[in-house]
Amino acid sequence: MEYGFLSHVVLWIVGAIAAVGTIGTVLAIWSIGRAAYRKD
């Protein structure tokens, strides 16, 4: 195991977590906006 490879793996994991969190945040805000817009 090289240090460079390990650091790349860590960066990819952090990037994946950040991407999933960003998508989740956008979907949450979108669903809240739709729920507030449609008051049944």
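Residues: numbered from 1 along the sequence shown. Computed over heavy atoms, backbone and side chain alike; hydrogens, waters and symmetry mates excluded.
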ILVMFWY cluster membership beyond Ile29 - transitive side-chain contacts under 4.5 angstrom: none

Other members of the hydrophobic cluster containing Leu27, with the 4.5 Å side-chain heavy-atom rule, please. Ile23

Throw together a table of side-chain donor-acceptor distances under 3.5 angstrom for residues 5-14, partners on residues two or more places apart or in other chains.
unit_1: Ser7; atom_1: OG; unit_2: Tyr3; atom_2: O; d: 3.4
unit_1: Ser7; atom_1: OG; unit_2: Gly4; atom_2: O; d: 2.7
unit_1: His8; atom_1: ND1; unit_2: Gly4; atom_2: O; d: 2.7

Using a 4.5 Å cut-off between side-chain heavy atoms of Ile, Leu, Val, Met, Phe, Trp and Tyr, which other residues end up in the same hydrophobic cluster as Trp30? none

